[in-house]
Every structure is written in C-alpha cells, then in structure tokens.
Amino acid sequence: MDVFASLNPPQREAVESIDGPVLILAGPGSGKTRVITHRVAYLVKLCGINPYHIMAVTFTNKAAREMEERLNLLVGSSIKDLTLGTFHAICARILRRDGEAVAVDSRFVINDRSDQISLIKRGIQETGFDPKQYVPEAIASAISAAKSHMLDPMEYRETSHSYFEEVVGRVYEHYQQLLKESNSLDFDDLLMKTVQLFRKNPKVLSRYQSRYWHLLVDEFQDTNIVQYELIKLLGSKYRNICVVGDPDQSIYSWRFADLRNILSFEKDYPDTKLVLLEENYRSTKMILETASHIISANQQRKSKDLWTNNDTGEPVAVVETYTEQEEAQFVVSEIERLVDLGEYNHGDCAAMYRTNAQSRALEEAFLRYGTPYKLVVGTRFYERREIKDIVAYLRLMQNPDDAISLFRTINVPQRGIGQQTQAKLSGWAKSINASPYQALHLLANSETKEPTEKPYFNSRTSRILTDYLKMVEDIIARSSELNTVELFDLVIERSGYKEYILSGQDGEERWDNVMELRTVAQDYHYLNPSEGLAAFLDRVTLISDVDGYDESIPAVTLITLHQAKGLEFPVVFIVGMEEGLLPHIRSFDDPAQMEEERRLCYVGITRAKEKVYLVHAFRRNLMGRSMVGQPSRFLSDIPSYQTATSGWWQEEESPLTPSIHSWNKVLVPQPIEMELKVGDHVHHSQFGDGIVVSYQPVNNDAEVVVAFNGAVKKLLLSFACLEKLE
DNA sequence: CGAAAGGCTCTTTTT
DNA sequence: GAGCCTTTCG
C-alpha cells in the first residue's frame with residue numbers, strides 16, 4: 001500500500017507532520033477526511049505505532065464508523081484497538097471505567113435532551129419556581145452553557161449577576177441533585193465529569209496521557225471549551241495533537257462551540273505547524289466562487305484562497321416559486337427532469353433546509369409524484385414513544401434508581417397507576433430521601449414501619465405497585481445471565497408490551513420499530529451482560545442524527561443544513577432562501593448569529609459538486625398563517641453573472657414544472673392601488689406597524705422605506721402587502 | 001382515580 | 001400544525 005499516492009503537497013505535509021502540534025485549516029472539499037485517515041494509516045503502517053496509542057475524535061458516530069471502515073482497508077483489523085468516536089462516546093467509556101473517582105457510579109445512564117428537559121422542569125418546580133414563567137428549555141440552555149464553561153453550581157452562582165441567572169443557579173444546583181439521585185448524567189456532564197476526573201486524579205490522568213501518543217480531532221471549529229480542555233489534558237505529555245477544522249463551517253455556536261479554540265490552540269502551542277488545504281476537489285468553479293462571495297461578506301473572518309481545477313460549470317440557479325408547495329414541486333420536477341435526461345440519478349440529489357418543519361412540504365411532493373426520497377431522521381427514531389418506552393425498561397434494569405425511566409414505565413402498558421398515584425409515590429420517596437424504586441421496595445417489604453410514615457394507597461393500587469416492583473426485580477435478578485437480546489425479549493414478554501402496542505394506533509408500524517431496535521441490540525449479544533447493556537444504552541442515547549443515513553440508498557436526500565455538514569452531492573437544492581428562514585429570524589438582532597447563518601448557507605452550497613439551486617417562495621405557511629417573505633439577503637451577495645435566474649434548468653417543459661420567476665424580476669405585477677407619502681402609518685403582516693420614511697416610484701412600482709419598531713425595511717410596494725393606517 | 005377530549009402556546013439548528 | 005396542559009366525563 002502506498003499511503004501517499006494521490007496526496008497533494010499540503011495534504012502530504014498534514015499527514016507526515018507527526019511530531020508536535022498541528023493545525024490543519026481545511027476548506028470544503030479539500031480532502032480533509034482523506035488526510036485524517038491517511039494520517040492514522042501513516043502512524044500505524046509506516047511509523048509502527050500501535051493503534052492502541054492513538055485517539056481520533058469525530059463529530060458524529062457515522063464519521064467514526066466510516067473512518068473505521070476506511071482504516072480497515074488501509075491498515076487492516078489491528079485498527080480495532082484505536083480509540084475512535086465522538087467526544088461524548090469516548091467520555092462515556094472513560095467514565096464507565098474510571099468515573100468512581102469523581103463519584104460517578106459505573107452503571108449511570110445518559111439522559112437525552114428530552115429526559116434533561118423533564119428533569120429540569122421538575123427541578124424548577126421543586127425549587128419553588130413556575131415552569132411557565134421560566135421556560136425549561138431556556139433554563140436547560142443556561143445550565144448547558146454553564147457546564148460547557150466548566151462551571152459547577154457554586155461557581156455559576158458566584159458569577160451570576162441577574163435575577164434570571166440567580167434562578168438558573170438555584171435550579172442548576174437542584175438539577176444536579178436530581179441527576180445524582182437517579183444516577184444519571186446529561187450530555188454536558190459526560191464531558192465535564194471527565195475533565196473533573198482528570199483534574200482531580202493525576203494518577204488516572206497520567207495513565208491516559210501515557211496511553212495516547214497521538215490525538216486527532218476533526219471538526220475542531222465546532223468544539224467547545226470543555227472539549228478543548230479535555231484534549232489539552234490528554235495531550236500534555238506527548239503534545240502530538242492534530243486538529244482539523246474550518247472556521248467558515250462553524251455552525252454550532254448555539255451548542256457553545258467556540259471558534260476561539262482555534263486561536264487558543266496556536267497560543268497554547270506556539271510551535272504549532274499550520275497546514276492550509278485550499279484546493280477544492282469537489283465543486284465547479286462557479287459553485288466555489290458563489291460560495292466564496294457569500295462567505296466573504298462576513299466581517300469576523302480570515303479570508304482564504306480556495307481554488308479548484310474543476311470545470312467552470314453552470315451558474316447557480318436562483319428560483320422563485322409562488323408557494324412552498326410549488327417550491328417542493330419544483331424540486332421534484334427538476335430532479336425528475338435531470339433523471340430523465342440520464343444525467344443524474346435520484347441518489348445524486350439532495351434538498352436542504354434550515355428548519356425541520358420545512359421537510360413536510362417536500363415530503364408531500366415526493367410522495368405525490370412517487371419520487372424516492374430519504375429523510376434523515378436519526379435521532380427521531382429514538383424519540384418515538386415505543387422506542388423510548390423499551391429503552392426506559394432496559395435503563396431501569398441497568399439502573400433502577402433512574403426515576404425518569406421508572407415513571408415512564410410504571411403505567412405503560414396501562415396498569416391503573418395514574419398521575420395521582422405517581423405524584424404520591426414520588427413525593428414520599430423524596431421525603432424519605434430515597435429513589436422511587438427504593439421507596440417501592442420499602443412499601444412492599446417492610447411491615448414494621450410506622451403506618452403513618454407510608455403514604456396511603458388503596459389495596460388495588462398497592463397490589464399493582466407491588467406487582468410492578470416484582471416484575472422489575474425479577475428481570476433484574478435474571479439480567480446477569482442474559483445477553484442484551486435475551487434481556488430485550490424478557491422485558492417485552494414480562495411487560496406485555498407487544499400486546500399493548502399492537503392493540504393501539506399504528507400498532508403494526510410501532511411494533512416493527514421495536515423489532516428494529518431489537519436488531520440494534522443484536523450487535524451487543526456477544527458482550528457480557530452488564531457491558532453489553534451499557535454499550536447498547538449508550539449507543540441509543542448518543543446516536544447522532546446522520547448516523548442512520550445510508551448513502552447507498554438510491555433516493556433523494558432531504559436533510560437540514562446542519563446535518564449536511566461533511567456530506568457531498570452532485571446536485572444540491574437549498575429551499576427556503578428567504579429572510580426569516582435563512583437567515584433565520586432569531587439571528588436578526590445579533591450580528592454574530594447572522595454570520596453563523598451565512599456560514600450555514602456556505603456549508604450548504606459547498607456540499608454541491610455540479611449543480612446548485614437556491615429556491616425561495618413568495619409566500620409560505622408558517623404556523624398555519626400564510627406569510628409573504630422577501631428573498632434572502634444572501635442571494636444579493638452573489639454577483640449576477642454567477643446566477644441564472646431563468647432558462648437553462650428547464651429546457652423542456654414538464655407538466656409538473658410550476659411557473660418560475662426570477663426573484664429580482666417582478667413576480668405578480670399588481671396595480672398599485674395605494675398612494676403613500678412620507679410620514680404615513682402603515683401595517684405589515686410580518687413587521688407590524690411602521691412609519692414611511694421614504695417613497696420612491698420605480699417603473700410601475702415604488703420602493704418604500706418603512707421604519708418599523710426596531711427595524712428599518714426597504715420594501716417593494718407591490719409585494720409588501722402594506723396596509724395604510726388612518 | 002384514570003382516560004379521553006378540547007384549549008392553550010410556541011415554533012432553529014442537536015451531541 | 002403539534003405537543004402539552006387542563007378540563008371533563010366515565
């Protein structure tokens with residue numbers, strides 16, 4: 001094997017610079033993935049380093065799996081000793097092994113986002129606040145921010161300055177208590193506890209430091225401070241740290257990823273070797289230039305010179321449709337046209353959007369025309385009710401103190417344990433400082449206790465509770481001798497879940513989902529019982545969205561722009577190119593967030609190899625209401641010579657093809673019935689009330705500048721749907 | 001005391 | 001349009 005064949009000089013340098021810190025800034029399509037895999041292959045094959053001494057961190061499990069497959073081809077099976085995975089997965093493994101030193105019980109379960117929200121909601125209530133006044137999501141986000149900056153509740157409260165932060169601090173403290181009681185960790189804990197473990201236990205740290213001679217981190221622009229600290233700690237012995245990233249593709253700041261990590265890296269490691277990968281092998285010149293124009297408008301950015309030897313290609317198509325339905329129809333009919341021409345097949349095409357809600361209109365159009373598509377819904381499989389139910393049962397077997405899972409399973413199938421009973425049980429458990437499981441145990445087994453200490457349950461309820469407890473205890477008793485699949489089957493059998501789910505709505509489909517989960521469990525049947533169960537549960541919780549994405553299926557990909565990072569397609573449609581959607585309205589008042597929206601757009605366009613369509617609709621249904629939107633500001637950053645606003649993409653008339661207009665031409669010329677003058681009060685459906693600041697007749701239309709509350713907008717009279725207020 | 005039906009709010013992106 | 005919460009009915 002020649003590890004270097006077909007690497008260009010900077011790629012080769014990135015692969016060969018194995019002594020000391022390396023920062024690789026890799027533009028889109030610059031062969032970043034190849035560099036990383038070849039670097040590992042180089043270390044193992046040519047430098048003779050045992051994969052046991054290498055850690056490679058990827059952004060998704062899917063990326064890890066792909067790297068493993070490629071390395072298997074390049075290096076062979078010895079690669080199984082490589083430490084490979086996401087930060088979260090790697091930390092979970094470390095904590096299962098060594099977490100005791102920071103009071104983490106090795107049987108901990110991991111709470112996903114929705115578990116986290118429900119626990120925080122309980123935290124808000126039990127701290128004496130009102131979850132309606134303090135939105136759990138907002139508190140969750142603040143707590144996550146604190147953890148991402150490694151602040152424990154005490155430290156957080158020392159730094160808090162507002163009343164809201166005071167509330168967050170109190171909830172945070174109590175939330176940690178709840179996590180502890182239920183022996184569970186949230187995503188942020190996995191990272192933070194691992195850092196704490198290393199900081200407080202030099203011996204443990206030293207063991208890991210000695211093990212990892214080489215560290216690699218992909219998607220470094222999307223790491224947060226804790227992750228940075230983790231790498232810094234792990235790498236401080238050998239200092240062979242290689243990080244790869246692209247600041248222009250940083251799109252996770254809302255998850256507290258911090259671009260400053262790249263700056264910190266060069267500061268913390270002054271001897272860093274910097275490698276720039278600037279040759280793009282993916283896209284046409286037109287596409288690359290269009291993307292560059294869009295990203296160049298960002299202020300907070302180092303400019304770089306991306307170039308390609310690829311063909312010039314076609315201009316990017318900018319398309320306006322009348323509604324979102326027409327938008328979806330355009331995407332479908334255009335794909336069918338390309339397929340009919342024999343130029344592409346369905347699997348070459350992807351439709352990308354800013355928000356998940358946008359997938360609906362697309363899906364409907366694909367279904368209606370029978371065009372095959374695949375919707376990337378990795379995590380949503382695991383968010384399904386039936387899946388969460390079964391996972392909750394299995395979590396309970398690993399960790400019966402897990403209150404979330406206990407209350408999720410206690411009345412599913414319905415046993416007659418309603419909210420009242422659950423609240424009583426929960427309250428009593430809390431009052432005696434026990435988990436609900438322990439409380440049930442006391443209830444069932446200790447007749448010696450004072451009767452007043454126990455809550456009163458009528459005989460029927462008592463019996464049901466005892467039966468439930470007995471079922472859980474029985475399964476736990478047998479769990480040590482059952483592999484993951486056997487345990488899975490036992491849970492289904494003893495809980496009566498099959499009959500329950502089959503008798504309900506969409507029973508067959510839901511049962512199929514349960515069986516699909518079972519096939520995942522089969523992957524772990526060869527491990528010993530406790531190890532297998534833990535690994536299975538970690539996997540289903542730490543699953544990332546794109547993990548279930550299968551590129552080999554010959555169908556059109558429907559995907560969010562965030563999920564699309566790291567993928568590539570010959571043909572890319574970006575839909576919803578409108579103000580308020582891309583850029584999203586929530587970024588309007590924050591320039592930094594606006595720049596991130598722009599990067600998101602950049603990520604989308606640079607996924608394309610040959611064709612890009614930027615599509616926007618004149619009106620769109622948002623929350624039931626039909627709204628009129630303006631074309632995205634990003635469209636105006638593309639020089640007109642690089643866009644085709646009509647023509648080339650629809651040489652043949654297709655019966656499906658909707659009427660298409662260019663966004664910068666008049667769409668639906670309407671007679672102007674309204675005369676406005678400076679100073680008039682007007683109403684706009686999106687921006688509210690405002691005052692006309694200027695009025696400029698243009699052809700048959702007029703440009704009106706209106707000062708709305710907080711924003712000054714330039715509008716075209718015929719499209720703005722302004723109402724004159726008297 | 002539990003299950004089903006209607007009214008309310010809020011809509012970004014996700015390990 | 002959906003999920004969550006509250007109310008109402010059995």
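All values reported here derive from a predicted model rather than from experimental measurement.
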Exercise for review: Identify, with sequence neighbours excluded, every residue that meets ring-ring contact (aromatic ring centres under 6.0 Å, His included) alongside Y228(A).
Suggested key: none
Review point. Charged N to carboxylate O under 4.0 angstrom, R301(A) versus E595(A)?
Key: no
Point to revise | Nucleotide nearest H562(A) when distance is taken to its side chain, options dG1(C), dT15(B), dT14(B) | key: dT14(B)
Point to revise | Interatomic distance where CG belongs to N621(A) and P belongs to dG1(C) [whole Å] | key: 9 Å
Point to revise | Whole angstrom value for the distance that separates C1' of dT13(B) from CD1 of I585(A) | key: 16 Å
Review point. What stems, by residue range, does DNA chain B take part in, given at least 3 consecutive Watson-Crick or G-U pairs under 3.5 Å?
Key: B:1-10 with C:1-10
Review point. Is N356(A) near enough to dT13(B) that one of its side-chain N or O atoms lies under 4.0 angstrom from OP1 or OP2?
Key: yes
Exercise for review: Answer yes or no: does a side-chain N or O of T421(A) lie under 4.0 Å from OP1 or OP2 of dC1(B)?
Suggested key: no
Practice item. Assign each of Q422(A) and D188(A) to its nearest nucleotide of DNA chain B by heavy atoms, then name whichever residue's nucleotide is nearer the 5' end. Key: Q422(A)
**Study point:** Closest-nucleotide 5' rank along DNA chain B - winner of L191(A) and V135(A)
**Key:** V135(A)
Practice item. Could you give the distance separating dT13(B) and dC4(C) at their P atoms, to the nearest angstrom? Key: 15 Å
Check your understanding: Between dT14(B) atom C1' and L600(A) atom CG, what is the distance in whole Å?
Key -> 13 Å
Practice item. List the atom of A392(A), the atom of R408(A), and the distance in Å for their closest heavy-atom pair. Key: CB-CD, 3.7 Å
Exercise for review: To the nearest Å, give me how far apart CD (E383(A)) and C1' (dT14(B)) are.
Suggested key: 10 Å
Exercise for review: Before accepting this row, confirm whether a basic side-chain N of the pair R510(A)/D389(A) lies closer than 4.0 Å to the acidic partner's carboxylate O.
Suggested key: no
Review point. Counting heavy atoms not belonging to K430(A), are there more than 12 under 6.0 Å from its NZ?
Key: yes
Revision key, fill the gap. Here the distance between atom P of dT13(B) and atom CG of L561(A), to the nearest Å, is 11 Å
**Study point:** Ring centroid separation Y156(A) to H149(A) under 6.0 Å
**Key:** no
Point to revise | Strand-adjacent residues in residues 408-418 of chain A, judged by heavy atoms under 4.0 Å from DNA chain B | key: N411(A), Q414(A), G416(A), I417(A), G418(A)
Practice item. Measure from the side chain of R113(A), starting at C-beta and using heavy atoms only, and say which of dG1(C), dG2(B), dT14(B) lies closest. Key: dT14(B)
Check your understanding: Is the closest basic N to carboxylate O distance between E219(A) and K32(A) below 4.0 Å?
Key -> yes
Check your understanding: Does a salt bridge link D467(A) with R415(A), judged by any charged N lying under 4.0 Å from a carboxylate O?
Key -> no
**Study point:** Audit row: D222(A), K565(A), salt bridge (Lys or Arg N to Asp or Glu O under 4.0 Å) steps and yes/no
**Key:** CA-CA 11 Å; D222(A) 286 322; K565(A) 187 176 73 162; 2.4 Å; yes
Exercise for review: Just compare dT15(B), dC1(B), dG1(C) and give me whichever is closest to any side-chain atom of R360(A).
Suggested key: dG1(C)
Exercise for review: Report yes or no: is the ring centroid of Y252(A) under 5.5 Å from the six-membered base ring centroid of dT14(B), with the two planes under 30 degrees?
Suggested key: no
Check your understanding: Is the Y175(A) to Y172(A) ring centre distance short of 6.0 Å?
Key -> no
Point to revise | Per T355(A) side chain, nearest of listed nucleotides dG2(B), dT6(C), dT13(B) | key: dT13(B)
**Study point:** Presence of T541(A) side-chain N/O under 4.0 Å of dT15(B) phosphate oxygens OP1/OP2
**Key:** no
Revision key, fill the gap. Rounded to whole Å, the CZ-C1' distance (R599(A) to dT13(B)) equals 13 Å
Revision key, fill the gap. Among the nucleotides dT14(B), dT6(C), dC1(B), whichever has the atom closest to the side chain of K132(A) is dT6(C)
Practice item. Measure from CD on Q116(A) to P on dT14(B) and round the result to the nearest Å. Key: 15 Å
Point to revise | Length of the line joining H88(A):NE2 and dT14(B):P, which is rounded to integer Å | key: 15 Å
